[in-house]
Structures are given as structure tokens and as C-alpha cells.
Amino acid sequence: MSTSSYLLTEEQAASPPSPRRRTGLPRLLASLPRGGAMSLAEHLSVHGEPPRPRRRRAHSGLIEEVERAGLRGRGGGGFPTARKMQAVAASRGRPVVLVNAAEGEPASRKDRTLIARVPHLVLDGAELAANSLGAHEALIGVCESAVSGFDALAQAIAEREASGLSSVAVTLHPVSSRYVAGQESALIDLLDGGGGLPRFTPPMPFERGVARRPTLVANVETLAHVALIARHGADWFRELGTPAEPGSMLATIGGPLAHPGVYELETGTPLRALVQAAGGLTHEPRAALIGGYGGVWVGAEHFSQLALSDAGLAPHGGGFGAGVVFVLDAGACPVAEVAALSQWLSAQSAGQCGPCVHGLHAIAERFVQLRDGVGGNGSHAAEIHRLSAVVRGRGACGHPDGASRMLASALEVFATEMDDHARHGPCERCAAPRRLPLGEEIAA
Ligand SMILES: Cc1cc2nc3c(=O)[nH]c(=O)nc-3n(C[C@H](O)[C@H](O)[C@H](O)COP(=O)(O)O)c2cc1C
Ligand code: SF4
């Protein structure tokens, strides 16, 4: 398995035009222009024409190809994409494709990068998926803060309409930058004219989604992969990655690195190779938060052995999720970081279910008391574990599950620092600037 990766920064030199069926990396980020979005003409010269259906549903072979490719969703849950497409195709009524570019995870930049730089690849994927399902419409929910991505998509849609390339009606919809806004039922609620709050399931989106129609909700990166699988096939897709988790994926790496940013890597790449591609560490690391704010903490002592895949993260109790890696340096106070994160996550809840309103709030309070040295670590840790078990699986969405799992992992990885705080209260590192990005709504 090759471990090459592809750095995306504004300074990067433009790659020369590439063969359409490329081996190795990059795939999604191939031949990017120096700045801004790839035009339709550039896109067609780099990737070639997307296969066109001769009639509706004529391209249903795409679902089988996606199944053979073993593509799993890149929005965080890792669900097999073909299974979702099959379920939508089997449901009654005219389906809709809902493209998820909400990217509510503050430490992730990969979705906004993709739509800002290669909007046509995303649109190809959305249209090909729609064709395979017999859908006439694709709706794209875009985070309101991803302004250049929104503009690039709008421009790309206009280019396709002018050139007669588009085969379905594509519309753009701004989505709030709240953490839960990108949860699939919250997106559906928003597009149905609601307040963008998660809904209890069933019914699942594939049976009743936007306007009560069968809805394929897919992340933008997932659909960009679909666009390439439709062109090059499942065997090509499987040339990279591991047999269980094939293909390439985008990762956002942040923290004390020479070149933090968005990289394309093959699934299963060692963390040390990603760190190296990002120019190496600039400060001694203490740990990394992997998979995002619903992911898991991993201590720096494991970095050299860690593979970036669900299988590699499983022994640590998590998965690679939407490809977020945030390295925390040893100069930061992990207890203060985790306390601030727990408050933020509690404030992000839509506040409509008990587990968030009571459980996440109570967990955050315990972390703040731990940070401040109020009460003993043992009782706080036990109570946080108890509350975590209580909140899991009880909300309308997976927010309390992910948040409580991540916070429980912090208790283990930072056990020494938690003990110190419980005994002595705030440390000198508590006053250092917070490292973890918390969007605009930072808890007080
Ligand atoms: C709290 C929460 C927030 C989520 N936010 C996003 C998001 O911002 N973008 C996204 O693509 N998926 C997000 N998801 C996952 C979606 O619900 C859904 O699984 C995904 O869009 C499906 O696409 P995929 O199969 O291509 O991954 C979130 C899930 C949860 C529980
Ligand atoms: S579980 Fe929490 S975030 Fe999800 S809908 Fe309920 S209150 Fe909102």
C-alpha cells in the first residue's frame, strides 16, 4: 500500500494535466487549479465526461458498481453507500438526492474544500446518483459559513446548465453552522421548511425524507467518489485502501504542524505518514482527537502504530469518521480543553431531547468541576461514565452518543492530568489559549 498523500494549500503548485484514469493519489484532488474552483472545461479535461444515461434508470448498474467498490459514506457514519442507494431505489415514490455539505464539525475543512475547488466532481456524483435512482432533483445543503464553496457550486451549476450537461435539477440551500445541523434528519427538516432540528426515526430518510419522498442523503465527498467510480469502476477504486475499507479519503489535520490542512490519503494510511505529509510536528504532542468531536482521543504514545481507518481506531474505541485529526500539543492543558469542548457540545444540542438537555449538560458541569478542582476525580469520573451510559441511544440523533463516547475517552487518555486537577485545581497551562476550534458558539 502506498502512503503518498496530497497537500492542499494555496501555495501548492498547479499539477500538470493528468491521465484520466489515474493510478495512486491524488484522485479527488487531482490537477487542482492554482486557486479557486476547477472550471467545467478543466474538469472534463482532467476527469473526462461522466457516463451519460440514455434513459432514466438506464444507469442503475452504478449501484452495483458502488457496491462492488465497497464505498462507505464519508460524512462520519461510514454506512455502505450502495445499501442506502438500494433502499431508496426500493422505496415507493419519486426519490430525491440530498447532498450534505453542512460540515458542522469545526475541526473539519474537507467538505468546504471539495465544493470550493472541485464543484463539478460533486455535481457529477449527485447527478449520477440521481440518474441511477430515477430522481429528477438533487438538493445541496451547504454550511452558511462556506461562502466560497456555495459560490463555486452556484457557478458550476450555471456552467452545466449553459452547456447542456446537467441531467437533473440541482438547487442550493444554506444550512446553519450549528454542529447538529448536518445530521440527516435535521437537514431534511430544514428543507421541508422546519427549524432544522433532528427528527426521531423511523421513518428513515430512504423511506420518507424531503417532501415525504424517498431520499438519498449523502455527504459531498461520498458523491465525489461515486463520480469517479462511475468513470473508472470498482476495481480501480479498490486499488487503494484496505480490502475492508477501500479507496482514498480526505482528512483534515490540525494542531502543531508545519502545514495543517486537507489531505487526500488512502484508507489505512499510518498517522505518522499524514503528519509527515503535513510537514511534521512543530511542538511535542500530548494526544490527538481522531474522527472529530464525536470521535476518540488517542495518546501520543500510540501515534507511531496508528493506522487511519475504522479498523485502526477500533482498539481505541472509535473510528476515522469524517477524517478529522486534531493534534493537541503538550503545552496545552487537556483538562481545560476537554471542559471547554464539553460545554460547547452541550450548548450545540438542539435541546429537544432529555439526554442532551440533562445528560450532556450534567457531564459538562462535571468536567468544569474537575478542571477547577471541585470534588474528587474518582466521583466525577464515575458520574461521567454513569451519565454517558444513560444518554447513549436515547436522543433523536447521534449527538449525545458521539459526544459522551469522546468525553469518556478523554477521561482515560488524560487520567493523570484529571487527577492533578482534582487534587490541585487549575494548572499553569489552563491560562494558555484554547487549541480546539469551537466554531462561533463557544461556551462561556
Ligand atoms: C450530530 C451529527 C452531525 C452530523 N453532521 C454531518 C455533517 O455536517 N455532514 C455530513 O455529511 N454528515 C453529518 N452527519 C451524518 C449524517 O447524519 C449522515 O449520516 C450523512 O450525511 C450521510 O452521508 P454519507 O453516507 O455519505 O456519510 C452528522 C451526524 C450527526 C449525528
Ligand atoms: S439528541 Fe440532542 S442534539 Fe439530537 S435532537 Fe435530541 S436534543 Fe437535539
Side-chain angles (χ1 to χ4, degrees), residues 66 71-85 87-88 97-112 114-115 122 125-126 129 139-146 175-190 194-201 204-206 209 215-226 247 249-250 252 291-295 310 319-324 345-361 363 390-406 439:
V66 171
L71 174 65
R72 290 167 49 192
R74 304 297 201 234
F79 193 80
T81 304
R83 286 238 300 273
K84 252 203 265 190
M85 294 171 84
V88 173
V97 171
L98 176 48
V99 184
N100 196 341
E103 200 167 47
E105 181 81 53
S108 180
R109 316 304 294 167
K110 57 120 182 155
D111 290 343
R112 62 197 63 213
L114 206 53
I115 55 174
V122 172
L139 316 171
I140 311 184
V142 184
C143 181
E144 61 190 358
S145 66
V175 177
S176 130
S177 51
R178 285 185 77 84
Y179 186 71
V180 295
Q183 194 273 344
E184 57 188 9
S185 67
L187 261 191
I188 290 168
D189 185 61
L190 180 79
L197 298 180
R199 297 172 177 175
F200 277 95
T201 49
M204 296 297 286
F206 71 80
T215 301
L216 175 74
V217 186
N219 172 261
V220 274
E221 185 193 335
T222 310
L223 289 168
H225 287 294
V226 168
M249 65 183 291
L250 299 181
T252 313
Y293 292 176
D310 285 352
F320 197 28
V324 171
L345 287 167
S346 157
Q348 287 298 304
S349 98
Q352 58 177 354
C353 316
C356 278
V357 176
H358 306 297
L360 282 191
H361 182 68
I363 289 174
V390 169
V391 301
R392 281 185 205 153
R394 302 265 166 83
C397 79
H399 175 44
D401 303 50
S404 62
R405 189 180 49 231
M406 181 278 294

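Nothing fancy with the numbering, it's 1 onward along the sequence. In what follows, every heavy atom counts, from backbone to side chain, and hydrogens, waters and symmetry copies are set aside. As the structure lists them, so they are numbered: ligands from 1, and atoms in each ligand from 1.
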Trainee: Side chains of Ser346 and Gln348 only: does a donor on one sit below 3.5 Å from an acceptor on the other?
Mentor: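 Ser346 vs Gln348: no donor-acceptor pair found between side chains.
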Trainee: Asp189 side chain to Leu197 main-chain N or O, any donor-acceptor pair under 3.5 Å?
Mentor: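 Here the side-chain-to-backbone pair exists.
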Trainee: Check whether any side-chain heavy atom of His399 lies under 4.5 Å from a side-chain heavy atom of Val391, and answer yes or no.
Mentor: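 Heavy-atom side-chain distance check fails, nothing below 4.5 Å.
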Trainee: Rounded to the nearest 0.5 Å, how far does CZ of Phe206 lie from CD of Glu184?
Mentor: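 Rounded to the nearest 0.5 Å, the CD-CZ separation comes to 10.5 Å.
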Trainee: For the atom pair CG (Asn219) and CG (Asp111), what is the distance rounded to the nearest 0.5 Å?
Mentor: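 Going from CG on Asn219 over to CG on Asp111, the span is 4.5 Å.
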Trainee: Measure the shortest side-chain to side-chain distance between Cys353 and Phe200 over non-hydrogen atoms and say whether it is less than 4.5 angstrom.
Mentor: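 Yes; the side chains approach each other to less than 4.5 Å.
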Trainee: Within the protein, flag every N or O under 3.5 Å from an N or O of ligand 1, and note the pair and distance.
Mentor:
from: ligand 1; atom 1: 8 (O); to: Glu103; atom 2: N; distance (Å): 3.1
from: ligand 1; atom 1: 8 (O); to: Gly104; atom 2: N; distance (Å): 3.0
from: ligand 1; atom 1: 9 (N); to: Asn100; atom 2: OD1; distance (Å): 3.4
from: ligand 1; atom 1: 11 (O); to: Asn100; atom 2: ND2; distance (Å): 3.3
from: ligand 1; atom 1: 11 (O); to: Asn219; atom 2: ND2; distance (Å): 2.9
from: ligand 1; atom 1: 12 (N); to: Gly75; atom 2: O; distance (Å): 3.3
from: ligand 1; atom 1: 12 (N); to: Asn100; atom 2: ND2; distance (Å): 3.2
from: ligand 1; atom 1: 17 (O); to: Glu184; atom 2: N; distance (Å): 2.9
from: ligand 1; atom 1: 21 (O); to: Asn100; atom 2: ND2; distance (Å): 2.9
from: ligand 1; atom 1: 23 (O); to: Asn219; atom 2: N; distance (Å): 3.2
from: ligand 1; atom 1: 25 (O); to: Lys84; atom 2: NZ; distance (Å): 2.7
from: ligand 1; atom 1: 26 (O); to: Asn219; atom 2: N; distance (Å): 2.8
from: ligand 1; atom 1: 26 (O); to: Thr222; atom 2: OG1; distance (Å): 2.6
from: ligand 1; atom 1: 27 (O); to: Arg74; atom 2: N; distance (Å): 3.4
from: ligand 1; atom 1: 27 (O); to: Gly75; atom 2: N; distance (Å): 2.7

Trainee: Between Lys84 and Leu216 (side chain of the first, backbone of the second, donor and acceptor by atom type, cut-off under 3.5 Å), is there such a pair?
Mentor: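 No: the side chain of Lys84 does not pair with the backbone of Leu216.
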Trainee: Which of the protein's N, O or S atoms come within less than 2.8 Å of atom 6 (Fe) of ligand 2, not counting waters?
Mentor: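 For atom 6 (Fe) of ligand 2, the protein N, O and S atoms that sit under 2.8 Å away are Cys353 SG.
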Trainee: Without swapping roles, check the side chain of Ser349 against the backbone of Gly351 for a donor-acceptor pair under 3.5 Å.
Mentor: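 The answer is yes, because a donor-acceptor pair under 3.5 Å joins these two groups.
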Trainee: Do Arg112 and Ser145 have side-chain atoms, one donor and one acceptor, less than 3.5 Å apart?
Mentor: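 Present: a donor and an acceptor within the cut-off.
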